[in-house]
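In what follows, a structure is listed as structure tokens, so that the remarks can point back to it.
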2 protein chains.
Amino acid sequence: MLTIKEIAEMAGVSRTTVSRVLNDSGYVSDEARKRVVKVIEETGYIPSQQAKSLRTKKTKVIGVVIPKLGTETSGRLVNGMNEVFSKYGYQILLTSSNLEPQKEIEYLRLLKSRQVDGIILSATTISDELITEIHQLKMPFVAVGQNIPGVANVIYDDFNASKAMTGLLIERGRKNIAFIGVPESDQAVGIERKQGFIKQMEKHNLLIRPEWMAIADFSITSGYHAMSKIIENAAGWVPDGVFCVTDRMAIGAMQYLKEAGHRVPDDISVAGIGASDISKYFQPALTTMDYENEVAGQEAAQILLAQIEKSENFQKTITLNGRLIERDSI
Amino acid sequence: MLTIKEIAEMAGVSRTTVSRVLNDSGYVSDEARKRVVKVIEETGYIPSQQAKSLRTKKTKVIGVVIPKLGTETSGRLVNGMNEVFSKYGYQILLTSSNLEPQKEIEYLRLLKSRQVDGIILSATTISDELITEIHQLKMPFVAVGQNIPGVANVIYDDFNASKAMTGLLIERGRKNIAFIGVPESDQAVGIERKQGFIKQMEKHNLLIRPEWMAIADFSITSGYHAMSKIIENAAGWVPDGVFCVTDRMAIGAMQYLKEAGHRVPDDISVAGIGASDISKYFQPALTTMDYENEVAGQEAAQILLAQIEKSENFQKTITLNGRLIERDSI
DNA sequence: AGTTTTTATGGAATCGATTCCACATTTAGC
DNA sequence: GCTAAATGTGGAATCGATTCCATAAAAACT
């Protein structure tokens, strides 16, 4: 491993001068600069960021914690962040909690120990322990997707998105609407979206049947099973609409309906949230809500950078609205 | 920011002793250890990995370069790696080249400058420049998906996978088979898979029509357009099978066929490669090849760890075979 | 009791960069 | 021609950890 000392010797200058060339700082004569540059090129020397950031206290690395690697949502989110960060010379240290709450806390610590310049957390469930940990962090921080008190947030307006989608279902004449949600441990998806549905139904004086309210786990398969259970429980009475809080569950539900001989949307309408890639190509194409995760990622990155570079410590919260995408499933 | 020095002072011991407690090394009396542990817990002190690895020359970070964030393939691959790495206390610094070859080289340098302990590259196109750069790296390295000479590789047997899939099509009585591939700049997907198709067709003395050989760009939409062009060019003659080198393009092709009134698989069979999530739920369910990217990720991680920890410098190449998944599209 | 071994502790060097400061040499200003 | 400012260079301290080495006290052997 080549070091600055060796480069200095080879170029016949001091480490200080090499450092100046490297960082374009201070005074360096053309003559000396040329010699240094030449040696660097010949040797392929790459300075150790390690040593540099030990001294400068800046790593130019942002820690990001996402729930699961390789999901569309996380992918888009991280892409959005990356766009902004790379523009400013920052890199992302990506960690995935794999949906284990304990890992989130662990990774937060780990990221701090790696001296990242800031952290973005895309959480699913927020425990008190997690909140405590976050507050102990005392470093630039932004939460995405879930509202965490006392810190900067980029969140989606889940309540109104859900309400709007339910409204669309009703507008199209659907009255007996089933609901496929997720556990309430997830505040945004589990509670907010459910509340949006309930409020809208109540507003129109529509009956919410408990036996038509299923809970699934985000997967396509779970949507399939939830739908089958609802239809079986229906016993004669069949819903004329289903609102699924995620696209993948909606896909599963549609799949079941098709197999069971129900026509979508003629007999029964299906709606999702997320505008996943698959939703466009499935038949019938799913009516859904685009959450524009890239934008969320960009916003989160911007806020974090403001905290880092201008050391603004605001607890700014940005709320993003979903964009309704009407297709063929309603 | 708390440092080891401050902890030492607060506990009334030397930095050396604190370090020993931290790393469970050397001799420390119970009495001293207790005092140190107490101070650490009270203060929430987290040692700087930065400083540690400057000294130890080990960062416990692995650099990973993938072509695109948020794709299923990359997601699975990275998940597989992560499984292995996290078991041994390593973390992944993930970078995405966003399909720009220049960025691959740039990130390789960047990762080296961050002193990662090793690098895994999942490349799509391999230029001479890239190969030169890799050889200059002189650090633990594994390439995934593309065969790069002179280094360790984990590759898929694209040629035989493609041959097998084409064979299945033929076995089912298909004779007039169209082909949707990708540009040849991608050695594995563009060339190997195409050759597998060609060799199998030739073996059975089947005609390969140039006008039925389309080139698309991995996307669903491009598959759709490629298929439409083939059908249009067919002018009367319609193929009875299409082999698409990726699932997403196969989905696009099927979509077009459906819209154009061709029945899959009755009139025309469709085959893909990749076992993507969507392929299972699309109708008809796509017959495809599972490349088991998680396994590839695990293997790559294992090989890299062997290089790092046992400093084995072998140019081991592991070839993974695809697993045929027969569903309804053939 | 005297010697060796084990246990315990801290001082100081080290990793590879940056940066403050001192000093030397030019160049500019009057 | 003399002082002041600009330019150029390197020595040495520093960042926060680990680790070699020296030293001392306690425990274990003759």
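In this text, all values refer to a predicted model and were calculated from it rather than measured experimentally.
Dashed line: the shortest gap from a side-chain N or O of B:T17 to OP1 or OP2 of C:dT9 is not under 4.0 Å. Between B:S29 and the phosphate of C:dT9, there is a side-chain N or O to OP1/OP2 separation shorter than 4.0 Å. Between A:S14 and D:dG11 there is no side-chain N or O to OP1 or OP2 distance below 4.0 Å. Phosphate proximity of C:dA8 to B:Y27: absent, as no side-chain N or O sits under 4.0 Å from OP1 or OP2.
With 3.5 Å as the limit, one finds a donor-acceptor pair spanning the side chains of B:K52 and B:N23.
Between A:K34 atom NZ and D:dT9 atom P the separation is 13 Å, expressed in whole Å. As a whole-Å value, the separation of B:E31 CD from D:dA25 P is 17 Å. Atom CG of B:D24 and atom P of C:dT7 are 15 Å apart (whole Å).
With sequence neighbours excluded, no residue forms a side chain to side chain contact (heavy atoms under 4.5 Å, CB included) with A:K57. Residues satisfying the side chain to side chain contact (heavy atoms under 4.5 Å, CB included) criterion with A:K34, sequence neighbours excluded, are absent altogether. For the side chain to side chain contact (heavy atoms under 4.5 Å, CB included) test, residues two or more places apart in sequence or in another chain that qualify with B:S74 are B:I66, B:P67, B:T71.
Between the B:K316 side chain and the B:I303 main chain, no donor and acceptor come within less than 3.5 Å of each other.
Looking at B:V151 and B:I134, their side chains come closer than 4.5 Å, going by heavy atoms from C-beta outward.
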Sequence-aligned protein contact record of nucleotides 13-20 of chain C, with B where the base is within under 4.0 Å of a protein heavy atom and S where only the sugar-phosphate is: BBBBBBBB

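Comparing the end axes of the helix from C:dA1-D:dT30 to C:dC30-D:dG1, each fitted to five base pairs by superposing C1' atoms of four pairs onto the next four, gives an inter-axis angle of 30° (nearest 10 degrees).
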Could you pull out all donor-acceptor pairs under 3.5 Å where a side-chain atom in residues 92-105 of chain A meets a protein atom, sequence neighbours excluded?
unit_1: A:T95; atom_1: OG1; unit_2: A:V64; atom_2: O; d: 3.2
unit_1: A:S96; atom_1: OG; unit_2: A:N98; atom_2: N; d: 3.1
unit_1: A:S97; atom_1: OG; unit_2: A:L99; atom_2: N; d: 3.4

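Using a cutoff of 4.0 Å between basic side-chain nitrogens and carboxylate oxygens, B:R76 and B:E72 are scored as salt-bridged.
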